[in-house]
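These figures come from a predicted structure and were not determined experimentally. Note: hydrogens, waters and symmetry copies are ignored here, and every other heavy atom, side chains too, is used. Residue numbers count from 1 along this sequence.
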Amino acid sequence: MKTTDNKQEILDRRYMRMAEIWAENSYCNRRKVGALIVKDKMIISDGYNGTPAGFENICEDDNGITKPYVLHAEANAITKIARSSNSSEGATLYVTASPCIECAKLIIQSGIKRVVYAEKYRLEDGLELLKRANIELVYLNSKEQ
């Protein structure tokens, strides 16, 4: 029983490291966030925060404020699923920062059942909504090994 938990934690840490590497693709200056959606030990989608396809890769305005149309990493990963033949039903989302309330709604509606996150975002309303939806939450601080 304990080895299964340990195996899952090892996998969780590996996928989180991959999400952290994926975050490096972001053109955003203020914060770079990466996300992976995993189902049956296969990565079925990925995302990072940035502008919609076809837009210039500039996330902040001249004052350093994030533009309102910038997509969060979770939203990018979830909407990629919608354009594919995959289903996120029962999947795990790995994300380098805890989800905001808007992303939490997308997570619930997409059928994701487990969220593993690294950095705690200043607002916790997204996490509260996910708890209310009985989605398993795992805080995995990547700085701790």
Output yes when Arg132 and Glu128 qualify as a salt bridge under the 4.0 Å nitrogen-oxygen rule, no when they do not. no

Only one of Lys131, Lys113, Arg114 forms a salt bridge (Lys or Arg N to Asp or Glu O under 4.0 Å) with Glu136, so which one is it? Arg114

Counting heavy atoms not belonging to Gln109, are there more than 12 under 6.0 Å from its CD? no

Rounded to the nearest 0.5 Å, the CG atom of Asp125 sits from the CG atom of Leu130 at a distance of 10.0 Å

What's the shortest heavy-atom distance between Gly50 and Cys59, and which atoms? CA-SG, 4.0 Å

Measure the shortest side-chain to side-chain distance between Thr51 and Lys67 over non-hydrogen atoms and say whether it is less than 4.5 angstrom. no

CG on Leu127 to NZ on Lys120, rounded to 0.5 Å: 8.0 Å

Could you tell me whether the side chain of Asp61 and the main chain of Asn63 form a donor-acceptor pair under 3.5 Å? yes

Flag side-chain contact, heavy atom, 4.5 Å: Lys39 against Ser87: yes

So, for Asn141 and Arg13, which heavy atoms are closest and what is the spacing to 0.1 Å? O-NH1, 3.6 Å

Same hydrophobic cluster for Tyr121 and Leu140, using side-chain heavy-atom links shorter than 4.5 Å among ILVMFWY? no

Flag, side chain of Glu60 to backbone of Arg30, donor-acceptor distance under 3.5 Å: yes

For the pair Trp22 and Tyr48, name the ring-plane relationship: parallel under 30°, tilted 30 to 60°, perpendicular over 60°. perpendicular

OG1-CG distance between Thr92 and Asp12, expressed to the nearest 0.5 angstrom: 7.0 Å

Closer than 3.5 angstrom, by distance alone: can the side chain of Lys80 be matched with the main-chain N or O of Ser45 as a donor-acceptor pair? no

CG-CG distance between Asn76 and Asp46, expressed to the nearest 0.5 angstrom: 9.0 Å

What distance do Cys103 atom SG and Leu129 atom CG have between them, rounded to the nearest 0.5 Å? 11.5 Å

Any donor-acceptor pair under 3.5 Å linking the side chain of Tyr15 with the backbone of Ile43? no

Can you name the nearest heavy-atom pair linking Ser98 to Tyr117, along with the distance? CB-CD1, 3.6 Å

Note, Val138 side chain near Gln8 side chain (heavy atom, < 4.5 Å): no

Stepwise side-chain contact (heavy atoms from CB on, under 4.5 Å) test for Val116 and Met16: CA-CA 8 Å; Val116 181; Met16 186 59 71; 3.7 Å; yes

Would a 4.5 Å heavy-atom cut-off, applied to side chains only, mark Ile78 and Ile112 as touching? yes

With side chains defined as the heavy atoms from C-beta onward, is the minimum distance between Glu102 and Lys105 less than 4.5 Å? yes

Is Ile101 reachable from Leu106 through a run of hydrophobic residues whose side-chain heavy atoms are each under 4.5 Å from the next? yes

Do Ile108 and Ile135 touch side chain to side chain, with heavy atoms closer than 4.5 Å? yes

State, to 0.1 Å, how close Ala23 and Lys32 come at their nearest heavy-atom pair, and which atoms those are. O-CB, 3.5 Å

Please give me the minimum heavy-atom distance between Asn49 and Val33, naming the atom from each residue. OD1-N, 2.8 Å

Which residues pass the salt bridge (charged side-chain N to carboxylate O under 4.0 Å, His left out) test with Glu24, sequence neighbours left out? none

